[in-house]
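Atoms considered below: every heavy atom in the structure, side chains included; atoms not considered: hydrogens, waters and symmetry mates.
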Amino acid sequence: MRPAVVIRRATEGDREAIEAMFGRCSAESRYRRFLSPQLVMPAGYLARVLAGTSTEETWVGVVGGVDGRVVALASLARRGPEAELALLVEDAWQRQGIGTSLLRMLARRATVTGVPRLTALVLSESRHVLRMLVTVLGPTSVRMEGSVTHVTIDRWSGAPVG
């Protein structure tokens, strides 16, 4: 039986653990998250998500207690009336419900902070991710642009969240 995963806000102190998690991810998982080949965690992205601004929230999934090993990363970046969400789950921990839990938590945070629309960029071939978005967040609008699908989820008052 796998140990429980604790979800908590990321801090600057998580930098090395996040970089280590990124290093444990396959090239395919990193490509699916960043939509381009990445050998190392993009420094600008990491600095931005760990800055803890009022428009960017970052959460981590941690194994072994609050100070354990980071196995997942989720971010919610607010831009006016919408927020872009993004997830990365370490390969060995995928399809265990961690991404779904993080997605639900991001949707709750968007609701609490008054964001009416969520967006995500997903590789069009990532059917399981597209299914997860629909299952957890409800009806979506999609626009395919080459190998990338732009997903928009309009939030309305009283809309169920997963």
Side-chain angles (χ1 to χ4, degrees), residues 4-19 21-22 25 29-30 32-36 38 41-63 65-90 93-123 126 128-143 145 148-162:
V5 174
V6 175
I7 296 173
R8 65 166 173 76
R9 288 291 290 263
T11 68
E12 179 61 39
D14 292 318
R15 179 179 296 274
E16 287 181 17
I18 291 169
E19 289 173 330
M21 182 268 303
F22 185 87
C25 289
S29 288
R30 294 189 307 255
R32 287 176 188 249
R33 165 55 191 89
F34 290 98
L35 308 178
S36 66
Q38 300 290 328
M41 174 69 77
Y45 171 78
L46 189 55
R48 190 182 84 235
V49 300
L50 290 178
T53 67
S54 62
T55 59
E56 188 101 28
E57 290 187 20
T58 305
W59 298 78
V60 288
V62 180
V63 174
V66 173
D67 294 323
R69 187 175 87 173
V70 171
V71 297
L73 177 68
S75 62
L76 184 69
R78 290 183 287 283
R79 310 278 187 271
E82 62 185 38
E84 182 177 1
L85 53 89
L87 299 171
L88 177 63
V89 178
E90 185 178 324
W93 291 87
Q94 291 177 7
R95 301 191 190 241
Q96 308 276 327
I98 299 166
T100 299
S101 294
L102 284 165
L103 185 57
R104 285 185 176 128
M105 191 272 316
L106 291 177
R108 280 193 298 274
R109 292 296 304 149
T111 300
V112 166
T113 58
V115 175
R117 177 178 297 135
L118 295 172
T119 64
L121 297 176
V122 180
L123 279 180
S126 297
H128 67 285
V129 174
L130 294 168
R131 272 193 308 274
M132 179 178 66
L133 289 168
V134 170
T135 300
V136 174
L137 301 175
T140 62
S141 169
V142 298
R143 179 175 46 88
E145 195 172 287
V148 176
T149 298
H150 297 259
V151 179
T152 302
I153 306 99
D154 286 313
R155 318 260 327 133
W156 58 91
S157 179
V161 177

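Here the side chains of Val71 and Gln96 are not in contact, with every heavy-atom distance at 4.5 Å or above. Taking the side chain as every heavy atom from C-beta outward, Arg109 and Val112 approach each other to under 4.5 Å. Side-chain contact check for Arg8 versus Val60: some heavy-atom pair is nearer than 4.5 Å. In this structure the side chain of Thr100 reaches within 4.5 angstrom of the side chain of Met132, judged on heavy atoms. No side-chain heavy atom of Val151 sits under 4.5 Å from any side-chain heavy atom of Val129. Side-chain contact between Leu73 and Arg33 is absent, with no heavy-atom pair separated by less than 4.5 Å.
Partners of Arg48 by side-chain contact (heavy atoms from CB on, under 4.5 Å), not counting sequence neighbours, listed by chain and number: Tyr45, Glu56, Arg79. Remark: Gln38 pairs with Phe22, Phe34, Ser36, Pro42 by the side-chain contact (heavy atoms from CB on, under 4.5 Å) rule, at least two apart or across chains. Partners of Arg32 under the side-chain contact (heavy atoms from CB on, under 4.5 Å) rule, at least two apart in sequence or in another chain, are Glu28, Leu123, Glu125, Ser126, His128. Applying the side-chain contact (heavy atoms from CB on, under 4.5 Å) criterion to Ala83, with sequence neighbours excluded, gives Leu76, Arg78, Val115, Leu118. Applying the salt bridge (charged side-chain N to carboxylate O under 4.0 Å, His left out) criterion to Arg15, with sequence neighbours excluded, gives Glu12. Contacts of Glu90 classified as salt bridge (charged side-chain N to carboxylate O under 4.0 Å, His left out), with partners at least two apart in sequence or in another chain: Arg24, Arg69.
Considering every non-hydrogen atom in both Ile7 and Trp59, the closest pair reads CG2-CE3, 4.1 Å. Scanning all heavy atoms of the two residues, the minimum distance from Pro116 to Pro81 falls at CD-O, 2.9 Å. Scanning both residues, Ala86 and Leu106, for their nearest heavy atoms gives O-CD1, 4.3 Å. The two atoms that bring Leu87 and Ala74 nearest to each other are CD2-CB, 3.4 Å, heavy atoms only.
With values rounded to the nearest 0.5 angstrom, Met21 atom CE is found 4.5 Å from Leu88 atom CG. Atoms OG1 and CG, from Thr119 and Leu133 in turn, are 10.5 Å apart once rounded to the nearest 0.5 Å. With rounding to the nearest 0.5 Å, the separation of CZ in Arg108 from CG in Leu103 is 10.0 Å. Taking CZ of Arg9 as the start and CG of Leu50 as the end, the distance is 11.0 Å to the nearest 0.5 Å. With rounding to the nearest 0.5 Å, the separation of CZ in Arg143 from NE2 in His150 is 4.5 Å.
A donor-acceptor pair shorter than 3.5 Å can be found between the side chains of Ser29 and Gln94.
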